[in-house]
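Notes for the one structure printed next.
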Amino acid sequence: MTTQSVNPTTAEPDAASEGQRYRSLLAAARGLVRCDAAALLRLDGDVLRPLAVDGLSDETLGRQFPVASHPRFARLLESGQGLRFAHDCGLPDPYDGLVAGQPGILPVHDCMGAPLRLRGAVWGLLTLDALEPGAFESVSPAQLDALVALVETGIESAHTIQEMEARAMREQAVAQALRSGPGATRELLGSSAAMKKLCSEIDTVAASDLTVLVLGETGVGKDLVAQRLHARSRRRDQPLVQVNCAALPETLADSELFGHKRGAFTGAVQDRNGKFEIADGGTLFLDEVGELPLTVQAKLLRVLQSGEVQRPGSDRTLKVDVRVIAATNRDLPAAIAQGRFRADLYHRLSVYPLVVPPLRERGRDVVALAGGFLEENQHRLGARNLRLSPASKAALLAHGWPGNVRELEHVVSRASLRAVTEQGRGARWTAIEPHHLALDAAVAGSHATGSAQTPLAQAPTDGGHASFALAAGGTLREATTAFQRAWLADALARHNGHVANAAREAGIDRSNFHRMLRKLGMRSASAD
């Protein structure tokens with residue numbers, strides 16, 4: 001199928017007001033045609049993205065629908081004037097189980113929709129769905145045409161308003177180029193007050209060159225914040241270079257960040273550009289900056305102060321124009337007090353601090369995020385319509401999410417695999433139930449504590465995992481160290497010493513997993 005999509009405007013004045021305009025359009029559409037759900041989806045390349053839904057579950061907004069994977073959407077886009085599907089149509093329905101307010105996962109029985117055009121090009125789709133068979137029998141082609149004309153007029157008006165707002169913003173120099181750059185596979189999602197505040201702060205500082213320190217717990221998406229900051233900055237057409245500071249051995253950190261001259265040390269057989277030079281004109285993202293050795297911190301401070309890089313082994317300084325974004329889950333003021341982080345570097349990095357809220361403070365965002373992860377797993381596993389049951393949505397909302405969005409992603413991936421294995425791939429949809437999520441086990445794991453040296457007894461459970469029993473005596477530090485040893489050993493044992501797999505299951509970055517092993521004097525059987 002070949003279609004042409006309209007390029008978005010080059011600015012994003014107010015996503016909330018834009019969404020409200022589209023929701024008002026859907027409300028008007030439902031006023032003209034009785035249905036249980038309606039949606040507006042914009043065509044972005046070969047993917048349909050829901051902009052507004054009325055009568056569909058929150059998780060729908062977190063999904064993306066590749067046209068090639070959804071034959072009903074493909075038929076609608078190809079139809080020209082729209083069509084109604086027979087209630088016994090065998091094509092899978094993308095909205096099965098997504099109609100809101102139902103006691104269970106229910107199928108959609110009557111479906112109708114049409115392509116929408118903006119200024120002569122295909123913009124997206126309007127879809128109408130009903131749980132009752134034959135609900136749209138009385139809707140004539142003329143009525144559908146009139147409905148499409150109404151919605152297209154509204155889209156044209158919304159698009160014009162967007163252009164006017166964007167032009168005003170450019171003229172006032174309030175923000176520049178706020179659209180996300182191409183190629184980003186994921187972006188910050190969420191409509192909670194906490195996320196709206198964060199996105200507003202990002203958009204405020206993105207257009208400047210201020211150094212930003214992104215703070216937040218492990219797994220909250222600090223890298224996505226850095227990507228959004230770069231994509232909405234004046235440097236968006238220049239490189240975004242990311243460095244995982246936790247994975248840099250102290251002996252190579254100098255060379256990685258600042259480059260080196262041939263012969264500067266054993267093994268330096270040629271000149272090498274450092275990450276600052278590679279990022280010249282663009283943005284350098286220093287992830288886990290709290291893990292940098294003190295010697296490297298001092299050199300980083302000099303670069304931030306002077307804008308000049310001196311390669312090890314060279315007497316010449318190089319001028320660089322780099323916007324620095326740093327991120328950490330550490331308490332840097334505490335690290336300063338302990339002598340593990342330089343106070344002057346902290347103040348240089350935290351010119352504009354951004355705190356990413358943990359998932360437990362984001363309300364129903366968890367359901368929308370889960371919807372996006374389900375869509376990814378649906379295509380990865382070759383399954384049809386992975387859907388959360390009402391009980392599963394309640395379980396996700398009740399969970400504390402100590403591992404944040406990364407934990408949610410892993411929970412959904414495991415649940416998807418379990419559900420598909422249990423129910424097969426031939427069903428009209430695959431229901432994700434609470435026992436697939438296994439959140440009770442996750443809660444038990446997050447509440448576990450240990451004790452020191454040998455005070456932790458390990459006993460295999462029925463599932464083959466180890467349970468840890470706390471022995472009396474010892475200090476809290478000893479107990480924590482002993483638990484970490486036992487927990488890491490158990491994770492490696494379950495994966496035959498394969499660090500990458502153990503880290504993935506635990507929701508921990510592989511480099512952090514390696515660092516924990518080294519810190520505790522442990523070695524894995526695998527060298528990955």
Side-chain angles (χ1 to χ4, degrees), residues 47-50 56-66 68-71 73 92-100 102 104-108 185-187 189-190 219 221 359 364-443 445-446 463-465 491 494-495 500-508:
V47 176
L48 285 162
R49 304 177 189 273
L56 293 175
S57 167
D58 292 347
E59 68 171 284
T60 312
L61 291 172
R63 291 177 176 263
Q64 300 177 7
F65 298 99
S69 301
H70 294 281
F73 286 156
D93 194 302
Y95 297 140
D96 277 347
L98 290 179
V99 178
Q102 303 303 314
I105 299 178
L106 299 180
V108 174
T185 56
R186 285 185 180 170
E187 56 187 31
L189 289 177
L359 188 54
R364 296 193 63 83
D365 283 357
V366 65
V367 178
L369 289 165
F373 294 139
L374 284 173
E375 192 71 24
E376 291 177 9
N377 282 279
Q378 178 173 299
H379 302 301
R380 187 182 301 131
L381 297 173
R384 293 177 65 180
N385 295 347
L386 288 172
R387 296 292 183 260
L388 293 168
S389 70
S392 289
K393 292 178 186 177
L396 291 177
L397 290 168
H399 188 57
W401 302 112
N404 293 294
V405 179
R406 188 178 298 141
E407 180 190 0
L408 172 63
E409 178 184 4
H410 295 164
V411 165
V412 170
S413 297
R414 291 194 293 266
S416 299
L417 180 59
R418 290 170 183 144
V420 170
T421 302
E422 177 184 285
Q423 300 171 34
R425 292 176 171 82
R428 185 166 178 175
W429 64 73
T430 304
I432 307 292
E433 300 291 350
H435 69 276
H436 298 132
L437 298 171
L439 289 175
D440 289 343
V443 170
S446 69
H465 294 248
R494 288 199 300 276
H495 295 281
N501 291 344
R504 188 178 302 112
E505 179 194 68
I508 297 175

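A quick note: this is a predicted structure, and the numbers were derived from the prediction, not measured. One-based numbering along the sequence shown.
- Residues Ala395 and Leu437 approach most closely at CB-CD1, 4.3 Å, considering heavy atoms.
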request  = Decide yes or no on side chain to side chain contact (heavy atoms under 4.5 Å, CB included) for Ser416 and Arg380, but give the supporting numbers first.
outcome  = CA-CA 10 Å; Ser416 299; Arg380 187 182 301 131; over 6 Å; no
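- Nearest heavy-atom pair, Leu396 versus Ala370, reported as atom, atom and distance to 0.1 Å: CD1-CB, 3.9 Å.
- Between Pro434 and Ser389, the closest side-chain pair of non-hydrogen atoms falls below 4.5 Å.
- Rounding to the nearest 0.5 Å places CG of Leu61 at 11.5 Å from CG of Leu369.
- The closest donor-acceptor contact from the side chain of Asp365 to the backbone of Leu359 lies at 3.5 Å or more, if one exists at all.
- Between the CZ atom in Arg63 and the CG atom in Leu48 there is a gap of 14.0 Å [rounded to 0.5 Å].
- With respect to Arg418 and Glu422, no salt bridge is recorded, no charged nitrogen being found less than 4.0 Å from a carboxylate O.
- The side-chain heavy atoms of Ser392 and Arg387, taken from C-beta on, include no pair separated by under 4.5 Å.
- Atoms CD and CZ, on Gln378 and Arg425 in that order, are 12.0 Å from each other to the nearest 0.5 Å.
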request  = Give the intermediate values and the outcome of side chain to side chain contact (heavy atoms under 4.5 Å, CB included) for residues Trp429 and Leu98.
outcome  = CA-CA 11 Å; Trp429 64 73; Leu98 290 179; over 6 Å; no
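- Put simply, NE2 on His436 and CG on Leu388 are 11.5 Å apart, with the number rounded to the nearest 0.5 Å.
- Atom-to-atom distance recorded for Gln64:CD and His379:NE2 is 9.0 Å, nearest 0.5 angstrom.
- The shortest non-hydrogen separation linking Ala419 to Ala431 is CB-O, 3.8 Å.
- Val420 and Thr430 make their closest contact through N-CG2, 4.0 Å (heavy atoms, listed as atom of the first residue, atom of the second, distance).
- Here the CG atom belonging to Leu374 is positioned 11.5 Å from the CD atom belonging to Glu409, to the nearest 0.5 angstrom.
- Across all non-hydrogen atoms, the minimal contact from Leu417 to Thr421 is O-OG1, 2.7 Å.
- Taking every heavy atom of both residues into account, Asp93 and Arg428 meet most closely at CB-NH2, 4.1 Å.
- Using cut-offs of 30° and 60° on the angle between ring planes, the pair His399 and Trp401 is perpendicular.
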